[in-house]
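Notes follow the structure.
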Amino acid sequence: MSNKTVFRLAAIGACLAASSLQAHADQWSDIAQRKELKCGTFADVPPFAAPDPKTREMVGHDVDLCHAVAKELGLTAKVTPLSVEARVPEVKLGRVDVTIANLAYTKSRGEQIQFSDPYYVAKEMLAVKASDPGTAKADFKGKRLSSTKGSTSELSIKMNGSEPVTFQDTGSAFMAVQQNKSVGMVANTMTITKLVNQSKTEGVALKMIKDPMVLQPIGIGMKKDEPALLAKVNGALYALEKSGELDRIWAKWLGPNTEYKMVREEKVTPLADLKFELSRRRGTLLRECPPACGLLLYFAAQGTPSA
């Protein structure tokens with residue numbers, strides 16, 4: 001083989017490599033070409049995402065939202081169940097295109113992945129034994145509280161000055177309270193509501209402490225530096241908001257006619273409109289909500305778990 005031929009082959013190879021890099025530089029183009037949105041959800045955290053007992057297919061609020069976003073973008077959705085702590089790494093590594101798994105925006109997460117505009121505000125709530133004399137989260141400072149590992153529930157326990165006892169799933173965190181391994185557990189409002197109701201007939205009865213451990217905006221997670229994908233996902237969320245589909249999905253899984261009896265008060269809000277400033281509280285940030293929000297939200301300034 002002549003030197004000229006070798007040079008030509010090398011040039012062709014370089015061009016192909018450059019073309020390949022260019023093709024994969026825009027994640028949205030790849031997604032649009034395959035016509036499929038790879039969506040990461042919880043593996044088993046109802047009512048967000050969990051296997052249907054009869055069909056074993058994934059169902060829940062986040063699963064429906066996944067399909068709704070994909071449909072709005074002219075795609076089909078492929079749902080991939082993830083552990084709580086895998087939600088950020090899997091989308092960061094590109095194994096899923098988006099994470100729709102009750103994913104709260106925090107400073108640390110925002111440094112690893114990009115977030116869509118928030119579509120609702122979540123509350124992390126504390127449940128303790130009904131016989132416990134405590135009535136406020138401050139009453140549990142320095143005490144052992146259980147949660148899922150790598151979650152904002154764990155973070156809120158640390159922010160409260162309590163000692164986190166972490167597990168891979170909420171069921172184990174619940175059993176820790178029942179078995180006196182912790183004095184209470186922290187999870188989102190929906191999970192705590194369900195477990196408190198469950199505890200009335202199974203095991204030791206629990207109660208929910210009224211003041212939230214932390215409040216946080218929930219968005220869709222994506223790989224950083226993918227502006228086209230971010231614009232498409234945000235566009236889909238606003239379209240679903242305008243059509244009322246977000247409210248319909250919420251009502252189906254979380255609304256007044258469900259066991260959670262929750263009302264969706266916040267609408268999709270530009271993440272860029274949220275203002276953060278350091279608070280005197282240890283390791284927290286204070287979010288100033290736009291007028292429509294009417295809530296103050298606390299976040300971790302440092303030490304946020306990776307997922």
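With Glu124 as the partner, the side-chain hydrogen bond (donor to acceptor under 3.5 Å, both in side chains) test is satisfied by one option alone out of Ser156, Ser151, Ser153: Ser153.
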Only pairs under 3.5 Å count here: list side-chain donor-acceptor contacts from residues 47-56, not counting sequence neighbours, and write none if there are none.
residue : atom : partner : partner atom : Å
Asp52   : OD1  : Lys54   : N            : 2.8
Asp52   : OD1  : Thr55   : N            : 3.0
Thr55   : OG1  : Glu57   : N            : 3.2

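Partners of Glu72 by salt bridge (charged side-chain N to carboxylate O under 4.0 Å, His left out), not counting sequence neighbours: none found. The side chain to side chain donor-acceptor pair (under 3.5 Å) check on Thr170 picks up nothing, with sequence neighbours excluded. Asp64 is linked by a salt bridge (charged side-chain N to carboxylate O under 4.0 Å, His left out) to Lys252, counting only residues two or more places apart in sequence or in another chain. In this view, Gln178 satisfies the side chain to side chain donor-acceptor pair (under 3.5 Å) rule with no residue, not counting sequence neighbours. Among residues two or more places apart in sequence or in another chain, the salt bridge (charged side-chain N to carboxylate O under 4.0 Å, His left out) test is passed with Arg95 by Glu90. In this view, Ser116 satisfies the side chain to side chain donor-acceptor pair (under 3.5 Å) rule with no residue, not counting sequence neighbours. With sequence neighbours excluded, no residue forms a side chain to side chain donor-acceptor pair (under 3.5 Å) with Gln114.
Counting only residues at least two apart or on different chains, the salt bridge (charged side-chain N to carboxylate O under 4.0 Å, His left out) pairs with a member in residues 160-177 are Arg144-Glu163. Pairs passing the side chain to side chain donor-acceptor pair (under 3.5 Å) check and including a residue from residues 31-50, sequence neighbours excluded, read Arg34-Asp97. Here ring pair (Phe, Tyr, Trp, His ring centres under 6.0 Å) pairs that include residues 108-136, with residues two or more places apart or in two chains, are Tyr105-Phe115, Tyr120-Trp250. Applying the salt bridge (charged side-chain N to carboxylate O under 4.0 Å, His left out) test to pairs two or more places apart or on separate chains, none has a residue in residues 197-218.
For Asp139 (side chain) and Ala136 (main-chain N/O), a donor-acceptor pair under 3.5 Å exists by modelled atom type. Side chain of Thr99 to main chain of Ala101: no donor-acceptor pair is present (N/O by atom type, distance under 3.5 Å, no hydrogens or angles). Although no hydrogens or angles enter the test, the distance criterion places no donor-acceptor pair under 3.5 Å between the side chain of Ser147 and the main chain of Val186. Listed for the Thr135 side chain is no donor-acceptor partner under 3.5 Å among the backbone atoms of Pro133. Of the possible donor and acceptor atoms, one in the side chain of Glu241 sits under 3.5 Å from a partner among the backbone N and O of Val268.
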